[in-house]
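Below: the structure, in structure tokens.
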Amino acid sequence: MKIAVIGTGYVGLVTAAGLAEFGHTVIGTDKDTAKIDLISRGSSPIYEPELDDLLKKNLAGGNLSFTSDVDAAIREAGVIFVCVGTPQDENGRADMSQIEGVARSIARNLNGYKVVVEKSTVPVKTSEWIKRVIGLYRRGDTPFDVASNPEFLREGSAVPDFLEPDRLIVGVESDRARDILVRIYEKFRDRVLVTSIDAAELIKHASNSFLALKISYINMIADLCERTDADVEQVALGMGLDPRIGRQFLKAGLGYGGSCFPKDVRALTKIGEDLGVDCGLLRETDKVNQARPGLFLDKVKKALWILKGKRIAVLGLAFKPETDDIREASSIRIVRELEREGARLRLYDPKAAGNMKEVFPPSAAVSYCKDPYEAAEEANALLVVTEWEEFRSLDLARLRELMANPIIVDGRNMFDPAAVRRLGFEYYSVGRK
Ligand SMILES: NC(=O)c1ccc[n+]([C@@H]2O[C@H](COP(=O)([O-])OP(=O)(O)OC[C@H]3O[C@@H](n4cnc5c(N)ncnc54)[C@H](O)[C@@H]3O)[C@@H](O)[C@H]2O)c1
């Protein structure tokens, strides 16, 4: 059975290439023709480790192709993975217009039984709406099934995450759809959890919100640490050694960003509101997270007093390492505020500078540097905003030589405070004296 993947963004592109790698025949499609042209030539429009190679290999193998003719891709396929965006609308709900658009396209091109698989992150009960839309717009009564197979890949390790998943959630309401999806993931039969569609939809929102909550929780603890003699790294270690808690996602810092956690936490809060369930816990999660860039900027102001005219190096712009994605990155708020205060900014990121230039074009106030050392030249302070691995091995003594004032404000706790201070830096981090 041919598989169509609609939407070739971060998730769809990896899904298309990954399903082809599993041996399936896959057509990726997107309404963005420029994107499809690029991808068809074997070039990924996003930076994602290992993706270019996976793409090239499977394009050459002949079982992966791309087209901007969405209708034709739907007609050709028996299984359709829907990977379009579900961004936040102005009220905090998930904007489902891209999903509705795809459902209408599927209805128009329903030339035989198809399974429509929700891979995008969608609110619980979305499958009911997809069924309704397809039912309203299809000609005749060609049968179809809707299923939910939420995606858990992480940007930065999306390819290995997809190719070696720790679990596969398959939400179905018919044996026919279940059998097709289980066959697609045959290789991982023992990792497939079959659930109802509602449960599958909720699992995704509940998982992301829980991880976000864990991050906000440790950031709240970091605030307590800053008012005491406790070091949040020690507290997190002590907590994480409890296997019921675990060590992951207990990293105090600038909070979470990206295209998923912020919008998913808000979407689940709104789902709760719509269903009459108080998800105040999630509102607080969002509130703690939103406060992070402001608290970080307070430290910068504490160190520099007046920001106007100060030369500030900013290391890291992506919302997390190993991606070029800056959606909801804390760097955006930090750069905007510093620029507003009149600072002269010297930005560096290994991969995300191109995307950042679309938000902050190079100007007298904002310049982009080729490496951290160029950014640090004559700087009055250096800020660490994203924890790229390469920053760990920076030659701090050289940085100190280059900077006008040896001040580091580290939003990701990348350095050992004692070691940095020994080198003569004034050092501010998160949840540590
Ligand atoms: N990015 C992640 O790390 C991640 C991880 C898991 C789940 N998700 C979820 O997956 C979904 C997609 O996320 P993304 O980051 O890949 O989004 P994205 O914005 O990068 O990509 C969406 C793509 O869909 C295309 N599209 C929109 N409407 C279309 C239509 N009618 N026909 C054809 N193409 C259309 C767009 O042109 C775009 O290329 C979202 O629901 C997101 O929450 C994302």
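Read the numbers this way: they start at 1 and go in the same order the structure lists the ligands and their atoms.
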Completion exercise
shortest atom 31 (N) of ligand 1-to-protein heavy-atom contact is with Val102 CG2, 3.7 Å
Practice task
Report yes or no: is the cationic atom of Arg191 (NZ for Lys, CZ for Arg) under 6.0 Å from the centre of the six-membered ring of Tyr185, at an angle within 45° of the ring normal?
Solution key: no
Problem - Arg327-ligand 1 polar pair, N/O distance under 3.5 Å - result: yes
Problem - Distance under 6.0 Å and angle within 45° of ring axis: Lys299 vs Tyr428 - result: no
Practice task
Find all atoms of ligand 1 within a distance of less than 4.0 Å from any non-hydrogen atom belonging to Ile6, and give their numbers and elements.
Solution key: 32 (N), 33 (C)
Exercise for the section: Would you mind checking which non-hydrogen protein atom is closest to atom 13 (O) of ligand 1, with the distance to 0.1 Å? Expected result: Val11 CG2, 4.1 Å
Handout entry: Within-cut-off N or O pair, Thr86 and ligand 1, under 3.5 Å
Key = yes
Handout entry: Over 12 non-hydrogen atoms of neighbours within 6.0 angstrom of CG in Asp242
Key = yes
Exercise for the section: Could you tell me whether some N/O pair between Asp32 and ligand 1 is separated by less than 3.5 angstrom? Expected result: no
Handout entry: N or O pair under 3.5 Å between Glu155 and ligand 1
Key = yes
Exercise for the section: Check whether any heavy atom of Arg154 sits under 4.0 Å from an atom of ligand 1. Expected result: no
Exercise for the section: Say whether Ser259 and ligand 1 are in contact under the criterion: heavy-atom distance to a ligand atom below 4.0 Å. Expected result: yes
Handout entry: Tyr113 atom OH: more than 12 heavy-atom contacts under 6.0 Å
Key = yes
